[in-house]
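Read the structure below first, then the notes.
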Amino acid sequence: MKKFDVPVFYRSPLITAIKNKRKTDDKLKKDFSPTFLDFGKLQIFLARHFGFCYGVENAIDISFKTIEENPGNKIYLLSEMIHNPQVNNDLKKRGVEFLMDTKGKSIIPFKQLEPGDIVVVPAFGTTLQIEQQLADAGVEIAQYNTTCPFVQKVWNRAQAIAKNNYSVIVHGKPQHEETRATFSHSAINAPTVVVRDMNEAMELASYIAGNKKPADFYEEFKGQYSEGFNVETDLERIGVVNQTTMLASDTQAISEYLKEVMKQKYNLTDSNVEDHFADTRDTLCYATNDNQGAVYALLETPADLAIVVGGYNSSNTSHLVELCEEKLPTYFIRSEEEIVSSKQINHFKIGSKEEVTTLSYLPEKKPAKILLTSGASCPDALVEGVIQKLISFYNCDKTIDDLIDEFTSEPQEANNAALQNSIQQ
Ligand code: SF4
């Protein structure tokens, strides 16, 4: 994969040593078992895959280069470049201003833009309408467009579905930047509707089956369907694409469910289901698949708690939290600063969308066993910060430097053997 120039302060010597070691020992990415960090009284199990993905590194590389190469120019970001507060603040500190918030609400009106101003398009991509507004303002975005190729792939898939006369169902969060962009790119080619989750897929199925009044659709799915959408004719042939960072199991369940609905409605079998349902695979990106797969493997290790590091509005990180929460106490934190002490942690609850404080979150027993991972927009330096903070509570003999030495010299088999040993204890 292409290498990007990411500022060194986002990197971590420890995590880099671990990732390099794992990559060398497992070139085909078949081993999803966690990396075992044994500090004696504290044992940390680090997910096999986490942290900056291709699209995020690409966006960071372009943004920082743009700042460096254009001193004196006005540089704007359309909205948050990625869903990580530290990265966005670092860009702001270097003079970059944001035109919109994450919901698309204007912060700086486009009419203030002048020809020659630079506008960086974030990794999520943007809508055709916004592209047009920027072009009208004389702003050229091609050079500063950091839209992730895996998002572009979803747009291409939607286009292919549309070409075969199917309507497009987008499984995504309707307000998320990426889903708004995908919706816009899909809607110029085909009738398009967004479903947030299985509940909404089931409501949509009621209209397909004719169990609900067509007129109600327009209120129920307000803001989620394309202009001119005809609920009575535009749901006869459908195909599903999804936001790249959804939960894989949710997307698969929704796609399978809608396929069954079409089979029943039109009395189809597997051999002719394509008459009404486009045969497509999900459009989750490789990072979503790797990170979620790594969390499933991580959860096979018995542990006292899990810590997930990332921005609180990060979709891919929230799904990792959801997976962990099903199994054990889970703390979703932005950085090590949320770990106030060995007795107190501040963390985000995705259900109620609020920050809460938990006391006595670390177990009394030794060794404490902690699962650790982070989202695709989280710098590795933050994960190392969390490890540093945790080991400071345990009077550990081993240091981060000792671990770096281990991972630059020890064969992975030794780590795997230690991991198995710890699981069996
Ligand atoms: S999470 Fe996936 S789609 Fe999103 S920026 Fe990263 S690689 Fe691209």
Side-chain angles (χ1 to χ4, degrees), residues 1-6 10-11 19 23 29 47-64 77-88 91 102 120-127 144-159 170-186 194 240-252 280-295 308-323 373-380 382-383:
M1 230 182 231
K2 197 173 157 191
K3 285 242 181 292
F4 297 104
D5 205 359
V6 170
Y10 293 140
R11 302 286 192 201
K19 285 185 174 176
K23 209 184 282 172
K29 289 205 306 192
R48 165 72 170 95
H49 298 287
F50 61 92
F52 282 174
C53 59
Y54 181 100
V56 165
E57 293 211 342
N58 178 45
I60 289 177
D61 186 350
I62 293 176
S63 302
F64 279 87
L77 261 166
L78 256 189
S79 59
E80 286 192 3
M81 186 183 58
I82 56 172
H83 287 155
N84 184 276
Q86 186 196 342
V87 176
N88 291 313
L91 292 167
T102 49
V120 180
V121 175
F124 320 107
T126 192
T127 66
Y144 307 104
N145 189 346
T146 78
T147 304
C148 177
F150 294 96
V151 174
Q152 187 80 47
K153 196 170 143 194
V154 183
W155 301 350
N156 295 345
R157 181 77 62 82
Q159 195 177 18
V170 183
H171 171 217
K173 297 176 180 169
Q175 293 306 315
H176 191 283
E177 294 99 316
E178 182 193 315
T179 294
R180 283 190 273 122
T182 295
F183 176 80
S184 153
H185 284 260
S186 172
V194 180
V240 180
V241 298
N242 50 271
Q243 189 182 317
T244 54
T245 51
M246 299 307 274
L247 198 56
S249 52
D250 283 356
T251 282
Q252 197 183 349
T280 58
R281 289 185 42 240
D282 69 53
T283 50
L284 299 164
C285 73
Y286 86 93
T288 296
N289 278 314
D290 284 356
N291 292 355
Q292 289 178 12
V295 164
V308 182
V309 194
Y312 296 159
N313 57 349
S314 161
S315 171
N316 79 84
T317 317
S318 306
H319 293 311
L320 304 181
V321 175
E322 278 172 37
L323 293 178
T373 190
S374 74
S377 46
C378 177
D380 283 347
L382 295 184
V383 176

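What you see is a predicted model, and the numbers here were worked out from it, not measured in a lab. Just so you know, ligand 1 is whichever comes first in the structure, and atom 1 is the first atom listed for that ligand.
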- [ ] Could you grab the protein N, O or S atoms closer than 2.8 Å to atom 2 (Fe) of ligand 1 for me?
- [x] C285 SG
Open item on the list: Other residues, nucleotides and ligands only: do more than 12 of their heavy atoms fall within 6.0 Å of CD on E322?
Closed with: yes
Open item on the list: Working note: E177 + H83, criterion side chain to side chain donor-acceptor pair (under 3.5 Å); need CA distance, chi angles, decisive distance, verdict.
Closed with: CA-CA 10 Å; E177 294 99 316; H83 287 155; 3.1 Å; yes
- [ ] Would you indicate whether K29, at its atom NZ, is surrounded by more than 12 heavy atoms from other residues, nucleotides or ligands within a distance under 6.0 Å?
- [x] yes
Open item on the list: Quick test of your reading of the model: are D290 and R48 salt-bridged, counting only N-O distances below 4.0 Å?
Closed with: no
- [ ] Taking only Lys NZ, Arg NE, NH1 and NH2, and the carboxylate oxygens of Asp or Glu, determine whether K153 and E178 approach each other closer than 4.0 Å.
- [x] no
Open item on the list: List the residues meeting side chain to side chain donor-acceptor pair (under 3.5 Å) with R281, not counting sequence neighbours, and say none if there are none.
Closed with: none
